[in-house]
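Every chain is numbered from 1 and lettered A, B, ... according to where its sequence line falls, protein lines coming before strand lines.
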Amino acid sequence: MQISLPFKYDFDRALERLAGDPVNAVDLQKREVRIPMEEGNIVSLRGLGSTDSPSFLIDNVLDDAQLQKVKSIFHFDRRLDTIAEHFKHTDLGQLFIDHAGTPLVKSFSLYGTLMKNIIHQQLNLTFSHVLTMRFVETFGDNQDGVWRYPNPDKIAALEVDNLRELQFSGRKAEYVIGLSKAIVEGELDLTKFDHKEDEEVICEMVAHRGVGPWTAQNFLMFGLGRPNLFPIADIGLQNALKQVWGLDRKPTKEEMMERFPDWSPYLSYAALYLWRSIE
DNA sequence: GACCAGGATTGCT
DNA sequence: AGCAATCATGGT
């Protein structure tokens, strides 16, 4: 199955971003990522064209529903040129020229992205990737060289010490186990968020111990692919804005929020391109 | 050796 | 309501 897009799409950049997380099965030379699907099979997505003329080869999809799911993960239906145009006359205009075609790619597993976001809280990226990798290697499974996050029931059954052994903090271990229990017991249903407003999802999520605004906003961005979130507590975004605005300190919450009306309804893309600017 | 990392919670004023 | 301490560990 081959498809092409009528707008700039930097697939290599998307792959580099995915490759930043060692859990993902990315081959930069072959321009390929293999995606472990919920249905059990592994879909292969390979880039064929260029950023200006993007096309893709999709292999091993079971049916049309799954094809739509893959397209949705990579946002092949979301016009990046329209979004760049929106930022043209804002303070972030240059970013959208420098990194044109950078897409917002969703993670492959809702539960996985929640666990990953918890694990990544407040830690530097290198160490947090070590932790997520240990988590997946210890409790997930490997199918044909592709790692898959475990099911929540497996984590819900753990003791704090099982995660302490992987060098989780005691508190982080409690969060991860507690949230997994909430999912198993049906108190937290990640699959029912699709038709709810951002604010409603955030409200429900932060009611659970371990989930704060940053984690809920990241889940909405990278789990559900929502276009209009800006995790204001994020140190990386603060540092990126410090650089873009030429400040000698990190910007205040108020200074950042002042720009929201200009960036909206694409706050997620403002965040994505700001992260891109400091990578 | 201090201080900060792509934070959240708890306890204290 | 707002602030400080706490958490594990790696990098600077």
> Base, sugar-phosphate alone, or nothing: which one does A:Ser128 contact when heavy atoms must sit under 4.0 Å apart?
Replying inline: nothing
> Starting at the 5' end of DNA chain C, which residue's closest nucleotide do you reach first, A:Phe168 or A:Thr126?
Replying inline: A:Phe168
> So, do A:Phe230 and A:Phe260 have ring centers that fall under 6.0 Å from each other?
Replying inline: yes
>> Using the rule side chain to side chain contact (heavy atoms under 4.5 Å, CB included), only one of A:Leu267, A:Leu224, A:Asn218, A:Ile202 pairs with A:Leu229; which is it?
In response: A:Ile202
> Looking at side-chain heavy atoms only, is the closest gap between A:His120 and A:His129 below 4.5 Å?
Replying inline: yes
>> If I take atom NE2 in residue A:His120 and atom P in nucleotide C:dT9, what distance separates them, rounded to the nearest angstrom?
In response: 16 Å
> Just checking A:Leu125: base, sugar-phosphate only, or nothing, at a heavy-atom cut-off of under 4.0 Å?
Replying inline: base
> For the rings on A:Phe96 and A:Tyr273, is their centre-to-centre separation under 6.0 Å?
Replying inline: yes
> Across the strands shown, which category fits A:Pro231 at heavy-atom distances under 4.0 angstrom: base, sugar-phosphate, nothing?
Replying inline: nothing
> Heavy atoms under 4.0 Å, any strand shown: does A:His208 hit a base, just sugar-phosphate, or nothing?
Replying inline: sugar-phosphate
>> So A:Lys116, base contact, sugar-phosphate only, or nothing? Heavy-atom distance under 4.0 Å.
In response: nothing
> What distance, rounded to whole Å, do you find between the two P atoms, one in C:dA5 and one in B:dC4?
Replying inline: 13 Å
> Within this structure, what is the NZ-to-P distance between A:Lys172 and C:dG10, rounded to whole angstrom?
Replying inline: 13 Å
>> Rounding to an integer number of angstrom, what distance separates B:dC3 and C:dT6 when you compare their C1' atoms?
In response: 15 Å
> If you look at every strand shown and take non-hydrogen atoms under 4.0 Å, does A:Val130 touch a base, only sugar-phosphate, or nothing?
Replying inline: nothing
> Atom CD of A:Gln122 to atom P of C:dG11: distance rounded to whole Å?
Replying inline: 15 Å
> Of all residues at least two apart in sequence or in a different chain, which pass the salt bridge (charged side-chain N to carboxylate O under 4.0 Å, His left out) check with A:Arg148?
Replying inline: none
> Across the strands shown, which category fits A:Arg134 at heavy-atom distances under 4.0 angstrom: base, sugar-phosphate, nothing?
Replying inline: nothing
> Should A:Gln243 and A:Ser277 be marked as a side chain to side chain donor-acceptor pair (under 3.5 Å) after you check the CA-CA gap, both sets of side-chain angles, and the distance that decides it?
Replying inline: CA-CA 9 Å; A:Gln243 202 169 309; A:Ser277 74; 5.8 Å; no
> When all nucleic acid strands are considered with a 4.0 Å heavy-atom cut-off, which category describes A:Gln121: base, sugar-phosphate, or nothing?
Replying inline: sugar-phosphate
> First and last nucleotide of DNA chain B in contact with chain A, 5' to 3', at under 4.0 Å to a heavy atom: what are they?
Replying inline: B:dA5 to B:dT10
> Do A:Tyr9 and A:Phe76 have ring centres separated by under 6.0 Å?
Replying inline: yes
>> For A:Leu237 and A:Val211, find the nucleotide of DNA chain B closest to each by heavy atoms; which residue's nucleotide sits nearer the 5' end?
In response: A:Leu237
>> Rounded to whole Å, please give me the gap between CD in A:Glu165 and C1' in C:dT9.
In response: 17 Å
> With sugar-phosphate meaning primed atoms plus P, OP1 and OP2, does A:Glu174 contact a base, only sugar-phosphate, or nothing at under 4.0 Å between heavy atoms?
Replying inline: nothing
> Toward the 5' end of DNA chain B, which comes first, A:Asn124 or A:Tyr175, by nearest nucleotide?
Replying inline: A:Asn124
> Checking ring pair (Phe, Tyr, Trp, His ring centres under 6.0 Å) for the pair A:Phe74/A:Phe56: CA distance, chi angles, key distance, verdict?
Replying inline: CA-CA 11 Å; A:Phe74 286 85; A:Phe56 309 93; 7.8 Å; no
